[in-house]
Amino acid sequence: MPELPEVETVRRGLEKLIIGNQIKQIKLPYPKVITGDSQAFVTGVLNATFKAIDRRGKYLLIRLSNGHTIVSHLRMEGQYSVEPLGTSPYKHTEIIFELDDQRAVFYNDTRRFGRMVLTTTDHEAVEVQSLGKLGPEPTDMSLTLAYMVDIFSRSKKPVKSFLLDQNKIAGIGNIYADEVLWQSKIHPETPANELSEIELATLRQNIISEMKMAIKNHGTTVHSFSNVFGEVGQFQNKLEAYGRVGQPCLRCGEPLVKIKVGQRGTTYCPVCQVKYSRRTNEVSGTN
């Protein structure tokens, strides 16, 4: 699933390519991509101009000149591309926005999980409930240490599962959760409420830094992610934990292992990320 850096990469690409263009026609090969009334969606976007493209967590907020916003979630494998007008739909093209300059915006999704919904601008967080429930963005300004100390103290969930909860911190998925926990030397099964303020400060800084670096490298391509220009990300070449099971830890040389945490595959170092319970002052097993 595209995580925050990948969605931000898509946002920046679309921003460069389509802002100021008018939507002249809509083709809808797969109407189920629209949440709600698909005909009302078409009517609501036709002849509007792309005004701005924002992002909240893993959601794209495509602002239109007529006071509407398209809320788009890529889910597992959704992709946008900009094609010459008249290009035939691909096998998994779900919607086509024909523009006023002989180009068209395609949304393609091999898994058919991505969705779009038309909302009223500035009311999208009310009209799309999951959007309104999102936690803070993983930035210096939004993700404060005070917030993390408070919210982590309320949960006994394994920290890996806690990081994946979009209602706690927006935008972190499986890849970057493994990465920041490895960087912070925190075992992924550690209960969230057992992390010290020092550990949370380290984790916070690693989350913020990792997101910045991943965005700078245009995201991570593990299976199929590509940006609007059809280019793959580059951050997969810099991963330190995710996808490296059996390979030596880049800190200590111990082979990384993989376990399931909350039904999600999780790669970590059994030496650097040792389980430790502050309540019992005991180091436990590595599995």
Side-chain angles (χ1 to χ4, degrees), residues 1-19 33 52-63 70-83 90 92-95 105-117 128 130-131 134-139 142-143 160 163-183 206-244 264-267:
M1 178 183 289
E3 302 178 30
L4 185 154
E6 290 73 50
V7 178
E8 177 63 16
T9 298
V10 172
R11 186 199 72 77
R12 293 182 181 190
L14 287 172
E15 188 175 57
K16 289 180 179 178
L17 291 175
I18 66 172
I19 294 301
V33 69
I53 302 177
D54 298 324
R55 179 194 52 74
R56 181 74 172 93
K58 301 177 186 180
Y59 291 87
L60 288 171
L61 307 177
I62 303 172
R63 312 291 191 186
I70 301 170
V71 177
S72 171
H73 198 300
L74 305 180
R75 296 287 176 88
M76 296 294 289
E77 295 191 4
Q79 297 176 340
Y80 282 94
S81 63
V82 178
E83 312 286 351
Y90 301 112
H92 300 290
T93 299
E94 298 189 343
I95 186 169
V105 179
F106 281 40
Y107 176 75
N108 312 295
D109 193 341
T110 58
R111 300 289 292 274
R112 303 291 198 194
F113 291 155
R115 291 293 181 267
M116 296 181 193
V117 60
V128 180
S130 56
L131 187 61
L134 289 177
E137 293 283 310
T139 63
S142 298
L143 185 61
K160 168 68 181 284
L163 289 174
L164 297 180
D165 185 345
Q166 301 301 295
N167 296 340
K168 302 298 189 295
I169 303 173
I172 302 174
N174 208 43
I175 294 173
Y176 300 108
D178 279 5
E179 291 295 292
V180 298
L181 289 173
W182 180 87
Q183 292 163 3
N206 284 329
I207 289 171
I208 294 168
S209 298
E210 183 77 357
M211 290 299 173
K212 287 180 180 177
M213 186 61 67
I215 291 170
K216 183 178 179 180
N217 284 271
H218 312 297
T220 299
T221 298
V222 175
H223 298 296
S224 60
F225 170 74
S226 62
N227 64 19
V228 178
F229 303 99
E231 302 164 339
V232 299
Q234 298 298 318
F235 200 63
Q236 64 274 10
N237 302 317
K238 300 179 184 294
L239 296 178
E240 296 165 308
Y242 183 88
R244 298 191 67 249
R264 303 299 299 273
T266 301
T267 303

So, [X] side chain and [Y] main chain: donor-acceptor pair closer than 3.5 Å or not?
X      : Y      : result
Glu210 : Ile208 : no
Thr266 : Arg264 : yes
Glu179 : Leu239 : no
Arg11  : Ile53  : yes

Could you measure the distance from the [atom1] atom of [X] to the [atom2] atom of [Y]? Nearest 0.5 Å is fine.
X      : Y      : atom1 : atom2 : result
Ile62  : Arg55  : CD1   : CZ    : 13.5 Å
Asn206 : Met213 : CG    : CE    : 11.5 Å
Thr267 : Asn174 : OG1   : CG    : 8.0 Å
Gln79  : Asp109 : CD    : CG    : 8.5 Å

Within the 4.5 Å heavy-atom criterion, are [X] and [Y] side-chain neighbours or not?
X      : Y      : result
Asp178 : Lys160 : yes
Leu61  : Leu131 : yes
Val7   : Tyr59  : no
Met211 : Glu137 : no
Ile215 : Leu4   : yes
Gln166 : Leu134 : yes
Ser72  : Tyr80  : yes
Leu163 : Leu181 : yes

Closest approach of [X] and [Y], non-hydrogen atoms and distance?
X      : Y      : answer
Phe113 : Arg75  : O-CG, 3.1 Å
Glu3   : Gly173 : OE1-N, 2.8 Å
Thr93  : Arg112 : O-NH1, 4.1 Å
Ala177 : Ile172 : N-CG2, 3.7 Å
Tyr107 : Gly114 : OH-CA, 3.4 Å
Ile169 : Pro138 : CG2-CB, 4.3 Å

Q | Lys/Arg-Asp/Glu bridge criterion (N-O < 4.0 Å) met for Arg12, Glu15 | A |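 Salt bridge flag = no for Glu15 with Arg12.
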Q. Step by step, would you call Tyr90 with Ser81 a side-chain hydrogen bond (donor to acceptor under 3.5 Å, both in side chains)?
A. CA-CA 11 Å; Tyr90 301 112; Ser81 63; 5.5 Å; no
